[in-house]
Every structure is written in C-alpha cells, then in structure tokens.
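Structure first, commentary second.
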Amino acid sequence: MDAGANTNPDAGLAALERVDMSDLLTRIERQVRPLCRRGQVASYIPALARVSPDKFGMAICIAGGGEYVVGDGDEPFSIQSVSKLFNLAFALEEIGEDIWGRVGREPSGMSFNSLILLEQENGVPRNPLINPGAIVVTDALLSRQPDWAEAFLGRMRQAAEAPGLAFDEEVFASEERHGDLNRATAWFLKAKGNLINHPDAALGAYFRHCSAAMSCRELARAGRFLIGPSEGEEICRSPHQRRRICAVMRTCGLYDAAGDFAYRVGLPAKSGVGGGVLAVSPGRYSVCVWSPALDVKGNSVAGVEALALLTDALEGAS
Ligand code: GLU
C-alpha cells in the first residue's frame, strides 16, 4: 500500500528501508523491457521521433536520502509535460492562490491539447497540467519575470543538483515549427482575455520549459519536494501547497487516463510525451521512469507498467 493510504508515513518509511531497492528495480526493468516496443514514440514533435523506443530508465529517491537508478536512468530525455507540475509549483510560490482565478483544477477527460472544453468554458482551462492550463500558468510567470524560461532552468538545475542541465535546442525548434495547435490555443486564450503576454512570448517560454532535457535521476531528485515537508527544500516549501500539488497530480496528471493510472498505480504523478513519468509516494519516495513509446492517451506503456509493479511490490512494505 502506498503512503497515500498510510496513516503513519514514518512506519512506511522504516519498512521501505528494509527493501532491497537495487534488486527490485533490476527485476522491474527485466519485466518491462519487453513492453518497450508496445506503443508509439511521439512524432507530432518530429525531433521526439528520433528517440529509440528501446530506452528504459528508472530512478527512485527515498525520503531522508538514498538514490537508486537502473537502465538508462542517467540519460537525458525531453521532459515535455512533466515540466508543467514544476511550473505549477513555481506559480504557487510566486503568485499564490490567485493563479486559480485563471485556471481550474478539475480533470478534463480530454486529450492534453484539446480545445473543445476551452471554448465551452470561455477560455478558462480545466487544469494546469494540460496544454491550455500550462500555457496560462507560463504566461502568469512570464509576466512576473520576462526571462522566465532561463529562471525555470536555473531552478531545475538547483533542484536536480545538475548544473549542466539544458534545453534541447533541436526539440525546442521542432516544437516551435510544428506547434500550430498550441498557437491556436494561445491565441484563443488571448481572445478570451486569459493571456497577458503576446501569444508568441507565452508560447516561447512554454516550448522552452517543455524542451528541458533531464534524466530520470535528475527528475526524481527535482521531485523530492513532493515527498514531504523536510525534502527538496529548493521548491515550494509550504507543506500545504505541496499537498495541493499532489492532489492536482492525482486527478489530472496522466491526461485522460488519470483514473486508470490511479487504479493501477495509485500515486500522484505527471507524464510527458517524451515518455517520462514522475510520481511520488508522500512521506516515502519520488520516482521517475522513462520509456519513449506511448499508448493512445500519450502515456509511456512500459513506464506506467513499471510504476504499477513498483507500487505492487512495495504494498507489503507499508
Ligand atoms: N510540449 C508538448 C505539447 O505542447 C507537451 C505535451 C505533453 O507532454 O503532454 O504538445
């Protein structure tokens, strides 16, 4: 059982320390590798299509220290929508609860780039973890800090303890060239009065943070802030806000498969079309998995299965 259902997270953590984590991750890798070619690597951003579907990496950071990495867990990949959860955290820090005046916090039940609800709901995106919501959050941050993309990178370098962390320029240029749907979204938001900056500026920053290249180890480290009050102090220190970010991840983090993911894995998480999924077990660990081939909803096939195996295996360790 994960810590979300654990009445005493410390007891769960003590049990976790008795698990041979290296062995567990190695077994999971062996089990899911055959799934790596089950889905399709994202191709609507052409630069993503060049990534081999045979990649698989996984990294876990345990509360209080301890880090375990398997497979291609140290190879940088395009974080894409995983960036949206960090952007939300930064917006809650910088802007606070006022951000909810511009974006909702309900699951959309639609694909991440759908415009249907946006029109029906008058330009207020359902949540910050789908494209329209993330563009609004980026716009709000950009209004505070004109070089927001660089600031984002700086914060991520600190949180991931990765001074060399950079944007993937090829992915950035590719998405910018093929980003007409996001362009339509940004202009629609502008028309409805929910975009402050010029759509090109908001999208420029949005494409940038989506193009950050990070490894599983780096993302798991950056996600430590969601484990609990004394973890990952670089981001969003308020326990109250951290808990709320987890709530949004639980309900909205896996596109229109959030319900199925909650059933199979049961952890707050955020996926991206680069094939990464970052999940957290509050009080216990953060974990990142990467496998580029996606299912029809845009989630990593082998990645989601790896997380399901992990939580099943740790059920007894709570
Ligand atoms: N940059 C991607 C887009 O805007 C992010 C999509 C995703 O990872 O969900 O389409």
Side-chain angles (χ1 to χ4, degrees), residues 39-51 76-88 103 107-118 125-139 142 148-149 152-153 156 167-189 195 199-214 216 219 248-249 251-258 261 269-279 288-301 303-304:
Q40 298 289 325
V41 176
S43 57
Y44 78 102
I45 300 173
L48 294 182
R50 70 182 150 82
V51 182
F77 61 92
S78 188
I79 71 170
Q80 293 297 320
S81 273
V82 181
S83 64
K84 293 172 184 170
L85 96 85
F86 293 99
N87 235 23
L88 171 63
V103 60
S108 72
M110 298 240 172
S111 68
F112 59 93
N113 52 11
S114 172
L115 280 163
I116 295 172
L117 285 172
L118 198 59
R126 272 285 169 105
N127 69 69
L129 301 184
I130 50 174
N131 289 12
I135 293 169
V136 164
V137 172
T138 302
D139 178 63
L142 193 62
W148 172 242
F152 174 89
L153 198 60
M156 296 305 284
F167 296 125
D168 182 325
E169 295 299 334
E170 195 186 337
V171 170
F172 171 73
S174 182
E175 181 160 18
E176 196 165 52
R177 221 174 6 256
H178 296 89
D180 288 343
L181 198 46
N182 281 322
R183 219 159 271 129
T185 304
W187 279 102
F188 188 84
L189 289 165
L195 204 76
D200 289 347
L203 282 178
Y206 169 81
F207 292 151
R208 278 252 165 245
H209 67 67
C210 286
S211 77
M214 293 176 72
C216 290
L219 267 177
V248 179
M249 290 164 71
T251 50
C252 311
L254 273 279
Y255 312 123
D256 42 338
F261 183 83
K270 181 72 200 95
S271 61
V273 295
V277 189
L278 175 60
C288 181
V289 61
W290 171 52
S291 169
L294 311 176
D295 62 20
V296 287
K297 304 267 170 106
N299 295 311
S300 169
V301 176
V304 171

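Counting starts at 1 for both ligands and their atoms, following the listed order. All heavy atoms count here, side chains included; hydrogens, waters and symmetry mates do not.
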Notebook entry, point to check: Just wondering, are more than 12 heavy atoms of other shown residues or ligands nearer than 6.0 Å to CD in E176?
Noted result: yes
Check: For F77 and C216, which heavy atoms make the closest approach, and how far apart are they?
Finding: CE2-N, 3.8 Å
Check: Does the side chain of S78 come within less than 4.5 Å of D168's, by heavy atoms?
Finding: no
Check: Do any N/O atoms on Y255 end up under 3.5 angstrom from N/O atoms on ligand 1?
Finding: yes
Margin query: I'd like to check which ligand 1 atoms, numbered from 1 as shown, lie under 4.0 Å from a non-hydrogen atom of V273.
Written below: 6 (C), 7 (C), 8 (O), 9 (O)
Next item on the list: List every atom of ligand 1 that sits less than 4.0 Å from any heavy atom of C210, numbering the atoms from 1 in the order shown and giving each element.
Entry: 1 (N)
Check: Nearest protein heavy atom to atom 5 (C) of ligand 1, by residue and atom, and its distance?
Finding: Q80 OE1, 3.3 Å
Checklist line | Heavy-atom nearest neighbour in the protein, as seen from atom 4 (O) of ligand 1, with distance rounded to 0.1 Å | finding: Y206 OH, 2.6 Å
Notebook entry, point to check: Any chance the side chains of N182 and N131 put a donor and an acceptor closer than 3.5 Å?
Noted result: yes
Item checked: Main-chain N/O of S291 paired with S300 side-chain donor or acceptor, under 3.5 Å -> yes
Next item on the list: Measure the shortest side-chain to side-chain distance between R126 and M110 over non-hydrogen atoms and say whether it is less than 4.5 angstrom.
Entry: no
Next item on the list: Could you list the atoms of ligand 1 found under 4.0 angstrom from a heavy atom of S81?
Entry: 5 (C), 6 (C), 7 (C), 8 (O), 9 (O)
Item checked: Atom indices of ligand 1, in the order listed, that fall short of 4.0 Å to a heavy atom of Y44 -> 2 (C), 3 (C), 5 (C), 6 (C), 10 (O)
Checklist line | Numbered atoms and elements of ligand 1 in range of G272, under 4.0 angstrom, heavy atoms | finding: 8 (O)
Notebook entry, point to check: Which atoms of ligand 1 sit under 4.0 Å from any heavy atom of N131?
Noted result: 3 (C), 4 (O), 10 (O)
Item checked: Distance from atom 3 (C) of ligand 1 to nearest protein heavy atom, with residue and atom -> E175 OE2, 3.0 Å
Next item on the list: Report the C-alpha distance between V171 and Q80 in whole Å, list the side-chain angles of each, state the deciding distance to 0.1 Å, and finish with yes or no for side-chain contact (heavy atoms from CB on, under 4.5 Å).
Entry: CA-CA 10 Å; V171 170; Q80 293 297 320; 3.5 Å; yes
Checklist line | Distance-only donor-acceptor check, side chains T185 and N113, under 3.5 Å | finding: no
Next item on the list: Would you mind telling me if ligand 1 is within reach of the side chain of N182, the backbone, both or neither, using heavy atoms under 4.0 Å?
Entry: side chain
